Amino acid sequence: MEPNFQHAEPFRIKVVEPIKKSTRAERIEALKGAQYNAFRLKAEDVYIDCLTDSGTSAMSSEQWSAMMLGDESYAGCKSFYKLEASARDVFGMPHVQPTHQGRAADYIMAQYYAKPGKYALGNMHFDTFHGNAELIGAIPQDCVIDAGLDASSAAEPFKGNIDIAKMQRIVDEHGKDSVSVIIITVTCNNNGGQPVSMANIRAVSEFAKKYDIPVVLDSARLAENAYFIKTREPGYENKPIKEITREMFSYCETATMSSKKDGLVNIGGLIVTRNDEFFTYANQMAIVHEGFITYGGMSGRDMEALAVGLQEACTESYLEYRINQVKYLGDRLKEKGIPIVEPTGGHGVYVDGRRFFPHIPQHEFPSQRLVVALFEEAGIRAVEMGACAFGSKDPVTGEPIWPSLETMRICVSRRVYTNNHLDCIVDALDYIYQRRDSYKGMKLVYEGPILALRHFTAGFELL
Ligand code: F0G
């Protein structure tokens, strides 16, 4: 094999955005003002922002130039047809309805596929579908494989897979009519951006066909999932990415997408489907809630950028860079002995809060404490995905129920930070890890009225 000396980023930087450095005293003030909640910090006070990978991508020169071609006509604009063609190419689905972002697509999908008193099964439902399902009175039920819930297991390459036996048990116990939909989230955001294998998507589809249950893919990170299939699943190593994405979507009837991730844009969402009846419904719902069918809440220029971004995200050189940059961060943290969810997933590294701070019990929010420490020491903003975000309460007794996964998610925005930035994260976490015994937990002092959304507005005190 020829040696490869072209292992750096497959782009060069044309525009830069300055970021502000801060003092520890300023960061402590900012944390107090935000009641120790990362969502309530001002972005300006953040040095490296790893809160989310959503809507934070850097666009390419091709995308910026496409934006100038935006056709802002109310109906039938050229930009819609470009987006439709690009989405058909990536998903292999005939019908395309844009929405203003992913949760709007979730809403329309949920209104059609989720039913009061019936199960919506999935690997791990994302918050926004969860919220929609709850409002409808449906029962969102996670059926991810057990390894997916174990932050310390490293051997399984597809920790986003659904455990078919768990779904079977629900069908056996409650009957097939108790399930209205199965939603596969690719990649699985809640447990580490973990991929779902093609074999699993196929098996879920066969299970669903047997019981006449529709399958939907929540596909915010579809290209990252396809790259994991290509690099981890035998038989796919020589297949082009778009052949893999089209096969993934051949097993479902509908997909929703938050385009703010693998669309490489700052705003937008999509519904794609091969169900004619649902498409007609989605068109009507779009007109009421989003905008006319051919823009669905997006401007023409944003649809232009998305049409290009979808194609760029399915480019192998881009994905190789993307997945390996996240892996670089994971590998460097592992070298320091820092406990992370392994193998590293697609859009970030998830630090295991339980193993990082074993002396802080879950009801004292160890992962949130780590978020606060990371910001205090380095101005780096990550996000808690543990006791606060996923905690629930017993509907009868009101007793808290603590989630199995307790992590701090460090998201890596697409094409935004260099490995030098990632090294700052490693250095800061290493520093905190060496002093881990000196940290105490936190107390929740404010939560909003909707439990599923409490992490966005919660207030904490340091113990
Ligand atoms: N589905 C998944 C799997 C997501 O990760 C998100 C958003 C959505 C749907 C909703 O899409 O934000 O465009 O309305 N995830 C972001 C995150 C917010 O930080 O993980 P949206």
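Here the structure is a predicted model, which is why all the values come from computation and not from measurement.
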* Is a donor on one side and an acceptor on the other found under 3.5 Å between the side chain of H347 and the backbone of I410? -> no
* To do: Not counting sequence neighbours, which residues clear salt bridge (charged side-chain N to carboxylate O under 4.0 Å, His left out) with R169? List them please.
  => none
* **Inter- and intrachain pairs under ring pair (Phe, Tyr, Trp, His ring centres under 6.0 Å), touching residues 135-154, at least two apart** => none
* Close side-chain approach of V179 and I170, heavy atoms under 4.5 Å -> yes
* To do: Could you pull out the closest heavy-atom pair between S219 and M257, with the gap in Å?
  => O-CG, 3.7 Å
* Do any N or O atoms from the side chain of S79 and from the backbone of D71 form a donor-acceptor pair under 3.5 angstrom? -> yes
* ring pair (Phe, Tyr, Trp, His ring centres under 6.0 Å): which pairs involve residues 245-265, sequence neighbours left out? -> F91-F249
* To do: Using salt bridge (charged side-chain N to carboxylate O under 4.0 Å, His left out) as the criterion, list what pairs up with E342, not counting sequence neighbours.
  => K334
* Asked: Parallel under 30°, tilted from 30 to 60°, perpendicular over 60°: which one fits the rings of H455 and F39?
  -> perpendicular
* To do: Report yes if the side chains of V144 and L149 come closer than 4.5 Å at any heavy-atom pair, otherwise no.
  => yes
* Asked: Do V349 and V326 come within less than 4.5 Å of each other through their side chains, counting heavy atoms only?
  -> yes
* Would you say the side chains of D276 and H95 form a donor-acceptor pair under 3.5 Å? -> yes
* M298 and I267: which non-hydrogen atoms are nearest, and at how many Å? -> CE-O, 3.8 Å
* Structure fact -> Interatomic distance, CG@L264 vs OG@S57, rounded to 0.5 Å, equals 5.0 Å
* Structure fact -> Closest heavy-atom pair, E233 versus A199, reported as atoms and distance to 0.1 Å, is OE2-N, 3.0 Å
* To do: Please tell me if the side chains of T256 and L270 come closer than 4.5 Å, counting only heavy atoms from C-beta onward.
  => no
* By salt bridge (charged side-chain N to carboxylate O under 4.0 Å, His left out), which residues pair with D177, not counting sequence neighbours? -> none
* To do: Search all heavy atoms of A38 against all heavy atoms of Q368 and return the closest pair with its distance.
  => N-NE2, 4.4 Å
* **Set of residues satisfying ring pair (Phe, Tyr, Trp, His ring centres under 6.0 Å) with respect to F228, sequence neighbours excluded** => none
* Asked: F129 versus R103: any side-chain heavy-atom pair under 4.5 Å?
  -> no
* **Full working for side chain to side chain contact (heavy atoms under 4.5 Å, CB included) between Y227 and E320** => CA-CA 8 Å; Y227 188 76; E320 185 186 11; 3.5 Å; yes
* Asked: Any donor and acceptor pair, going by atom type alone, linking the side chain of R409 with main-chain N or O of L51 inside 3.5 Å?
  -> yes
* To do: Go through the steps for H289 and Y107 under the test side chain to side chain contact (heavy atoms under 4.5 Å, CB included), then give the verdict.
  => CA-CA 10 Å; H289 293 281; Y107 171 72; 3.6 Å; yes
* Can you name the residues that form a side-chain hydrogen bond (donor to acceptor under 3.5 Å, both in side chains) with K115, not counting sequence neighbours? -> none
* To do: Please check if the side chain of E224 supplies one atom and the backbone of K261 the other of a donor-acceptor pair under 3.5 Å.
  => no
* Between Y112 and F278, how do the two ring planes meet: parallel, tilted or perpendicular, split at 30° and 60°? -> tilted
* Asked: Any sub-3.5 Å donor-acceptor pair from N37's side-chain atoms to A458's backbone N or O?
  -> yes
* Would one find more than 12 heavy atoms of other residues, nucleotides or ligands at under 6.0 Å from atom NZ of K242? -> yes
* Determine the minimum heavy-atom distance between L333 and V426, stating which atoms define it. => CD2-CA, 3.9 Å
Tabulate below the donor-acceptor pairs under 3.5 Å that side-chain atoms of residues 205-214 make, not counting sequence neighbours, or state none.
from	atom 1	to	atom 2	distance (Å)
Y211	OH	Q168	NE2	2.8

* Asked: Heavy atoms, side chains only, cut-off 4.5 Å: are M385 and S367 in contact?
  -> no
* Is D106 reaching over with its side chain to a backbone N or O of N132, donor-acceptor style, under 3.5 angstrom? -> no
* To do: Take the angle between the ring planes of W402 and H363 and call it parallel below 30°, perpendicular above 60°, tilted in between.
  => tilted
* Going by an N to O cut-off under 4.0 Å, is there a salt bridge joining D89 and R246? -> yes
* Are the side chains of F126 and H130 in touch, meaning some heavy atoms are under 4.5 Å apart? -> no
* Asked: Taking the six-membered ring of Y236, is the NZ or CZ of K239 close enough (under 6.0 Å from the centre) and on axis enough (within 45°)?
  -> yes
* To do: Mark yes when over 12 heavy atoms from residues, nucleotides or ligands other than E237 sit less than 6.0 Å from its CD; otherwise mark no.
  => yes
* Structure fact -> So OG1 of T185 and CG of N190: to nearest 0.5 Å the spacing works out to 7.5 Å
* What residues form a side-chain contact (heavy atoms from CB on, under 4.5 Å) with S60, not counting sequence neighbours? -> E62, Q63, E312, R415
* Asked: D352 versus I340: any side-chain heavy-atom pair under 4.5 Å?
  -> no
* Full working for side chain to side chain contact (heavy atoms under 4.5 Å, CB included) between Q325 and L422 -> CA-CA 9 Å; Q325 190 183 34; L422 303 190; 3.6 Å; yes
* Structure fact -> When rounded to the nearest 0.5 Å, the distance separating CG of L306 from OG of S86 is 7.0 Å
* Could you tell me whether E316 and R322 have a side-chain N and a carboxylate O separated by less than 4.0 Å? => no
* Asked: With distance as the sole test, does Q97 use its side chain to make a donor-acceptor pair with the main-chain N or O of I293 at under 3.5 Å?
  -> yes
* **Sequence neighbours excluded - salt bridge (charged side-chain N to carboxylate O under 4.0 Å, His left out) pairs with any residue from residues 296-308** => E72-R301, K82-E304
* Side-chain (Q194) to main-chain (P343) donor-acceptor, under 3.5 angstrom -> yes
* What pairs meet the ring pair (Phe, Tyr, Trp, His ring centres under 6.0 Å) rule with one or both residues in residues 294-346, with sequence neighbours excluded? -> F11-Y321, Y74-Y295
* Asked: Got more than 12 heavy atoms from elsewhere within 6.0 Å of NZ, K327?
  -> no
* Would a distance-only check, ignoring hydrogens and angles, find a side-chain to backbone donor-acceptor pair under 3.5 Å from R454 to C388? -> yes
* Thinking salt bridges, do D53 and K260 make one under a 4.0 Å N-O criterion? -> no
* How would you list, by chain and number, every residue that makes a salt bridge (charged side-chain N to carboxylate O under 4.0 Å, His left out) with R202, sequence neighbours excluded? -> E247
* To do: Dump the intermediate steps for side chain to side chain contact (heavy atoms under 4.5 Å, CB included) on Y113 and T254, then the final yes or no.
  => CA-CA 10 Å; Y113 286 102; T254 289; 2.7 Å; yes
* Sidechain-backbone polar pair: R40 side chain, T457 backbone, donor-acceptor under 3.5 Å -> yes
* To do: Indicate the atoms forming the closest heavy-atom contact of S180 with A114, along with that distance.
  => OG-CA, 3.7 Å
* Between R381 and D49, is there a side-chain N and carboxylate O pair less than 4.0 Å apart? -> yes
